[in-house]
Undergrad: 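Can you read through this structure? Questions will come right after.
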Amino acid sequence: VYAMGDGGQVVRFHLDRSSDDWTRSVVKTIHEPITWGGICAVSPMPGRVDLFVKSHDQIVHHYWSKDNGETFEGPKALS
């Protein structure tokens, strides 16, 4: 699960199925602060995660991950 953290950081919450505990980590490869309601995550195929993030200047940026959402490449501005 991805959400907006402190200061507009993108935060990843991951469920450890063996212990039923959630871990929280900041996605360090996304440096653009996001605005309220400005994040959407989709997984179009196993191992791939696409994030769409609205920046403070109202531009939507696309980031993509090929390692299950651990690190992201991009951004590519969409608007």
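Note: hydrogens, waters and symmetry copies are ignored here, and every other heavy atom, side chains too, is used. Keep in mind that this is a model prediction, so the values were computed, not measured.
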Undergrad: Quick one, Tyr63 and Val49 - any side-chain contact, counting heavy atoms below 4.5 Å?
TA: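 No; the side chains remain at least 4.5 Å from each other.
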Undergrad: Report yes or no: do Leu78 and Val42 belong to one cluster of Ile/Leu/Val/Met/Phe/Trp/Tyr joined by side chain heavy-atom distances under 4.5 Å?
TA: yes
Undergrad: Closest approach of Val10 and Val53, non-hydrogen atoms and distance?
TA: CG2-CG2, 4.5 Å
Undergrad: Rounded at 0.5 Å granularity, tell me how far NZ in Lys54 sits from CD1 in Ile59.
TA: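 Reported value, rounded in 0.5 Å steps: 11.0 Å.
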Undergrad: First locate atom OG1 of Thr23, then atom CZ of Arg12, and finally report the distance between them rounded to the nearest 0.5 Å.
TA: 7.0 Å
Undergrad: According to a hydrophobic-cluster definition based on side-chain heavy atoms being under 4.5 Å apart (Ile, Leu, Val, Met, Phe, Trp, Tyr only), do Met4 and Leu51 belong together?
TA: yes
Undergrad: Distance from Asp50 atom CG to Arg48 atom CZ, nearest 0.5 Å?
TA: 4.0 Å
Undergrad: Students often mix this up, so state it plainly: with edges at 30° and 60°, are the rings of His62 and Phe52 parallel, tilted or perpendicular?
TA: parallel
Undergrad: When you measure from the side chain of Tyr2 to the backbone of Gly69, do you find a donor-acceptor pair of N or O atoms at a distance under 3.5 Å?
TA: yes
Undergrad: Closest heavy-atom contact between Ser65 and Glu70?
TA: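 Ser65 and Glu70 have their closest heavy atoms at OG-N, 3.8 Å.
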Undergrad: Hey, could you give me the CD/CG distance between Glu73 and Asp67, rounded to the nearest 0.5 Å?
TA: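 Going from CD on Glu73 over to CG on Asp67, the span is 8.5 Å.
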Undergrad: Count the heavy atoms of every other residue, nucleotide or ligand shown that sit under 6.0 Å from CG of Asp16, and state whether that count exceeds 12.
TA: yes
